[in-house]
Amino acid sequence: MTKTANLSLRALSKLFDDTIAVRDLSLEIPASSYVVLLGPSGSGKTTLLSMLGGFTAPTAGTICLDDDDITMMQPAQRPTATVFQDYALFPHLSIGDNVGFGLSVRKVAKAEITRRVAEALDMVGLKGFEKRKISEASGGQRQRIALARALVTDPAILLLDEPLGALDLNLRRQMQDELRALQKRERRTFVHVTHDQEEAMAIADTIVIMKDGVIEDVGPPQQVYSHPRSRFSAQFMGESNIIDAYIANGMADTPLGRFPVAGKGTAGVAMRPENLTVTAGEGTVSLGMAELEDVVFQGSFVRLSARIGNVAIRLRVSPADIAGSDKTVEVFLKPGGAAALQS
Ligand SMILES: Nc1ncnc2c1ncn2[C@@H]1O[C@H](COP(=O)(O)OP(=O)(O)OP(=O)(O)O)[C@@H](O)[C@H]1O
């Protein structure tokens with residue numbers, strides 16, 4: 001059985017000279033979960049991952065695995081393994097020797113290394129590849145070899161720093177599915193850094209959105225997407241219409257009228273383009289007449305840019321919905337389509 005443990009980050013901070021890379025960050029990561037750290041460049045994702053892996057010492061705060069404080073433990077001593085963005089494979093060693101490297105360094109017996117390398121290669125779909133050369137491996141295979149090399153040490157926590165950054169889009173999607181399936185099968189915790197919000201939504205159990213070294217939003221993909229905590233989170237997770245509002249008792253008064261909102265914020269309202277429509281239906285609320293400014297066909301859907309008075313909005317509708325419509329359309333909010341923002 002795979003070892004697995006709850007990870008607790010408590011008031012973690014990291015200062016580099018006068019830069020605060022991570023600021024008083026606390027987070028509970030339950031055992032066996034897939035966590036994705038998402039955020040723009042410079043938001044502190046890599047620094048946080050590096051503190052989890054033991055490569056960067058926190059300036060303050062603690063990292064605990066269940067009841068063990070591992071904050072100051074050396075990388076090789078802690079039950080973590082890291083897959084680096086560039087994979088850091090040794091080109092002159094065989095695939096098997098690359099995967100077994102960490103075990104040889106730890107002086108594990110040869111027969112056991114052979115067995116565990118075979119197991120790790122099997123986990124990533126490269127059974128029997130031990131003797132092949134790294135130079136013969138494709139981009140996707142290199143990615144899997146790097147994964148196997150991390151998994152061979154039997155880590156409770158696997159840390160992945162932009163693991164799919166070097167792959168083209170199709171392979172990236174395939175590897176996203178494989179990573180998620182591997183994590184579910186192995187039941188280890190994966191902490192995966194990316195700045196790609198689609199990747200985060202495709203694989204995470206929990207998305208942690210970072211900005212300026214702090215957690216801006218956290219939760220399951222559906223929640224972070226449909227009920228973003230802040231304007232930044234709403235915009236970072238894809239297109240969103242954000243409007244000012246006075247919110248009380250689940251109702252928002254806005255320049256587009258009064259309608260129900262979900263969530264407990266008071267700082268504004270976010271509406272995803274797919275939650276606005278040009279056809280009335282059960283439970284829809286009219287937001288008024290809009291002037292269409294741009295119509296872009298994208299195959300299965302159409303993107304509309306429009307203006308209701310002086311409020312610019314974006315909609316995503318089905319091609320049939322706007323067939324034959326003229327420059328002016330009535331815009332409706334779908335039920336549950338507006339989320340209240342906390343900041
Ligand atoms: N070794 C270092 N020395 C000085 N400043 C650093 C160091 N490492 C990171 N920083 C700074 O800390 C902040 C956070 O950087 P970090 O690399 O953790 O962000 P990131 O979210 O991983 O960004 P990216 O997506 O570009 O990798 C940035 O302002 C960065 O310049």
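Only heavy atoms go into these numbers, but all of them, side chains included; no hydrogens, no water, no symmetry mates. Both counts, for ligands and for their atoms, begin at 1 and track the order of listing. If you read the sequence from its start, that first residue is 1, and numbering goes on from there. These numbers come from a predicted model, not from an experiment.
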Which side-chain hydrogen bond (donor to acceptor under 3.5 Å, both in side chains) pairs, counting each pair once, include a residue from residues 109-122, with sequence neighbours left out? E112-R116, R115-E119
Look at E239 together with R272 and state whether they make a salt bridge at an N to O cut-off of under 4.0 Å. no
Transitive ILVMFWY cluster of M72, excluding itself - 4.5 Å side-chain cut-off: none
Do M271 and F259 touch side chain to side chain, with heavy atoms closer than 4.5 Å? yes
For ligand 1, give me the residues whose heavy-atom distance to it is below 4.0 Å, by chain and number please. F16, T19, A21, P40, S41, G42, S43, G44, K45, T46, T47
Can you run down the ring-ring contact (aromatic ring centres under 6.0 Å, His included) pairs that involve residues 44-75, sequence neighbours left out, and say none if there aren't any? F55-F84
Quick one: are L292 and D294 in side-chain contact, heavy atoms under 4.5 Å? no
